[in-house]
Amino acid sequence: MNQAMWADNKTQSNIQELKRSDVLVLGPESGAQACGEVGLGRLLDINEIIALTSKLFSRGELSGKKVLITAGPTREAIDPVRYISNHSSGRQGYALAIAAMEAGADVILISGPTQLAPPDRISLIDVVSARNMHEAVMSNIENCDIFIGVAAVADFRPSHYTEQKIKKHGQDIAHIELTLNPDIVASVANAKPKPFTVGFAAETENLDVYAKEKLIKKNLDMVIANDVSDARIGFNSEDNATTIFWEGGQSILPLMSKQQISIKIINLIAEQLK
Ligand code: PMT
């Protein structure tokens with residue numbers, strides 16, 4: 001409405017009456033008006049209305065928390081046409097980001113290359129390599145309450161990037177020397193102050209033993225183990241099943257969709273923060 005109509009005593013006393021009756025009033029915002037005047041009275045931006053309205057339906061366990069999540073694979077370039085990567089689809093990381101957002105958190109999702117649509121109401125930062133992901137995480141970690149490392153980060157990258165496409169020479173075998181990538185979740189776990197740090201363990205054998213080792217070695221607060229030798233779960237599947245460990249406790253989440261398991265994981269994390 002026009003700024004003078006908005007400022008009018010009768011409008012304002014009606015608005016106050018609505019607020020007293022617990023009616024949520026969104027806006028108005030200030031700016032140029034159709035009549036040429038400038039002031040309060042404009043409809044809020046639609047995205048802001050969606051964000052504010054959706055908070056009404058938030059489950060609230062993580063309300064006020066800042067959550068940083070990594071998802072998807074990383075790509076480690078060999079030459080302009082080839083790279084080393086893995087089968088992560090990003091589904092588990094995106095599902096966790098949505099579950100955290102629906103629990104009321106402000107979520108930043110740092111994602112390697114995936115085929116997934118950017119989720120609404122989540123800040124998405126696209127990266128390619130492990131080093132890109134490490135840099136994006138460390139420059140967003142400040143004031144972060146929870147970090148969840150879901151990405152399948154390549155442990156190694158080629159030591160040398162070859163500027164031109166590597167050519168085949170007869171039957172010669174090409175050797176690619178590898179260098180260790182930075183460990184992102186371990187860097188976060190050593191940050192000061194340290195957010196509540198959750199890592200995943202993608203294992204094909206000795207699931208519990210290796211996951212508990214990662215909990216200690218990487219200084220994690222929680223580790224989520226999934227058996228990636230089972231095609232129904234883990235990489236590029238719709239479902240997952242996990243065993244979750246933290247100091248002094250564990251929880252088994254049987255086979256269910258990545259969306260359902262994410263809600264349960266977020267509940268467990270919220271429990272630990274109490
Ligand atoms: O994306 P989807 O298709 O849905 O598949 C989901 C998933 C199988 C990728 C996911 O559930 C999962 O297990 N993610 C972790 C994959 C992994 O790299 O696991 P890891 O055990 O190698 O690494 C342990 C932890 O260290 C992980 O939290 C990982 O993000 C982190 N890490 C690893 C290496 C590295 N350089 N930096 C890291 O932060």
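A quick note: this is a predicted structure, and the numbers were derived from the prediction, not measured. All ligand and atom numbering here is 1-based and tracks the order in the structure.
- With Glu203, Lys214, Arg131, Arg91 as candidates, the residue nearest to atom 22 (O) of ligand 1 on a non-hydrogen basis is Lys214.
- Side chain to side chain, Ser111 and Tyr94 meet the donor-acceptor criterion of an N or O pair below 3.5 Å.
- With atom 16 (C) of ligand 1 as the reference point, the heavy atom nearest to it among Gly199, Ala154, Ala152, Pro73 is part of Ala152.
- A single hydrophobic cluster is seen to contain both Met101 and Ile266, as judged by linkage of ILVMFWY side chains at heavy-atom distances under 4.5 Å, directly or through other members.
- No salt bridge links Asp8 with Lys10; every basic N to acidic carboxylate O contact stays at or beyond 4.0 Å.
- The contact set between ligand 1 and Gly90, taken as ligand atoms under 4.0 Å from a residue heavy atom, comprises 1 (O), 2 (P), 3 (O).
- For the residue pair Ser229 / Thr204, no side-chain donor-acceptor distance below 3.5 Å is found, with atom types taken as modelled.
- Every N/O-N/O distance between Ala186 and ligand 1 stays at or above 3.5 Å.
- Using a 4.5 Å cut-off on side-chain heavy atoms (C-beta onward), Leu62 and Val67 make contact.
- Here Lys194 contributes atom NZ and Leu220 contributes atom CG; the two are 7.0 Å apart, rounded to the nearest 0.5 Å.
- The shortest N/O to N/O separation between Phe200 and ligand 1 falls below 3.5 Å.
- Defined by atom type and a distance below 3.5 Å, a donor-acceptor pair is present between the side-chain atoms of Ser262 and Gln92.
- Residue contacts with ligand 1: Gly234 is placed with a nitrogen or oxygen under 3.5 Å of a nitrogen or oxygen of the ligand (distance criterion only).
- Atom CD1 in Ile244 sits 12.0 Å away from atom CG in Leu215 (nearest 0.5 Å).
- At a cut-off of 3.5 Å, with distance as the only test, a side-chain donor of Glu37 or Asn2 sits close to an acceptor on the other residue.
- Residue Asp183 touches ligand 1 through backbone and side chain together, judged by heavy-atom distances below 4.0 Å.
- Close approach of ligand 1 to Pro182 is summarised as follows: ligand atoms under 4.0 Å from at least one heavy atom of the residue are 35 (C), 36 (N), 37 (N).
- Taking all heavy atoms of Ser187, Ser89, Ala211 into account, the minimum distance to atom 2 (P) of ligand 1 is reached by Ser89.
- In this structure, Glu61 does not pair ionically with Lys274, as no charged nitrogen and carboxylate oxygen lie closer than 4.0 Å.
- Listed by number with element, the atoms of ligand 1 under 4.0 angstrom from any heavy atom of Val185 are 26 (O), 31 (C), 38 (C), 39 (O).
- When only interatomic distances are considered, the shortest N/O to N/O separation between Lys258 and ligand 1 falls below 3.5 Å.
- Residue Val228 has no N or O atom closer than 3.5 Å to an N or O atom of ligand 1.
- Within a 6.0 Å radius of CZ in Arg131, no more than 12 heavy atoms belonging to other residues, nucleotides or ligands are found.
- With rounding to the nearest 0.5 Å, the separation of CG in Leu178 from CD in Glu76 is 10.0 Å.
- In this structure, the protein non-hydrogen atom closest to atom 10 (C) of ligand 1 is Asn226 OD1, 3.7 Å.
- Heavy-atom proximity to Gln92, at under 4.0 Å, picks out these atoms of ligand 1: 4 (O), 6 (C), 11 (O).
- The ligand atoms of ligand 1 that sit less than 4.0 angstrom from a heavy atom of Asp155 are 34 (C).
- Using a non-hydrogen distance threshold of 4.0 Å, Ala151 registers as a contact of ligand 1.
- Nearest to atom 37 (N) of ligand 1 among the protein's heavy atoms is Ile184 N, 3.0 Å.
- For ligand 1 and Val150, the ligand atoms under 4.0 Å from any heavy atom of the residue are 9 (C), 10 (C), 12 (C), 14 (N), 15 (C).
- The distance criterion of under 3.5 Å between nitrogen or oxygen atoms is met by Ser88 with respect to ligand 1.
- Checked for salt-bridge contact, Asp106 and Lys65 miss the test: no charged N lies under 4.0 Å from a carboxylate O.
- Within ligand 1, the atoms closer than 4.0 Å to a non-hydrogen atom of Gly149 are 27 (C), 28 (O), 30 (O), numbered from 1 in the order shown.
- In terms of polar-atom proximity, Asn236 is counted as a contact of ligand 1, with an N or O under 3.5 Å from an N or O of the ligand.
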Audit row: Glu238, Ser257, side chain to side chain donor-acceptor pair (under 3.5 Å) steps and yes/no: CA-CA 6 Å; Glu238 296 293 338; Ser257 74; over 6 Å; no
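- Not one N or O of Gly93 is nearer than 3.5 Å to an N or O of ligand 1, by distance alone.
- Close approach of ligand 1 to Ala201 is summarised as follows: ligand atoms under 4.0 Å from at least one heavy atom of the residue are 21 (O).
- Distances shorter than 4.0 angstrom occur between a heavy atom of Lys218 and an atom of ligand 1.
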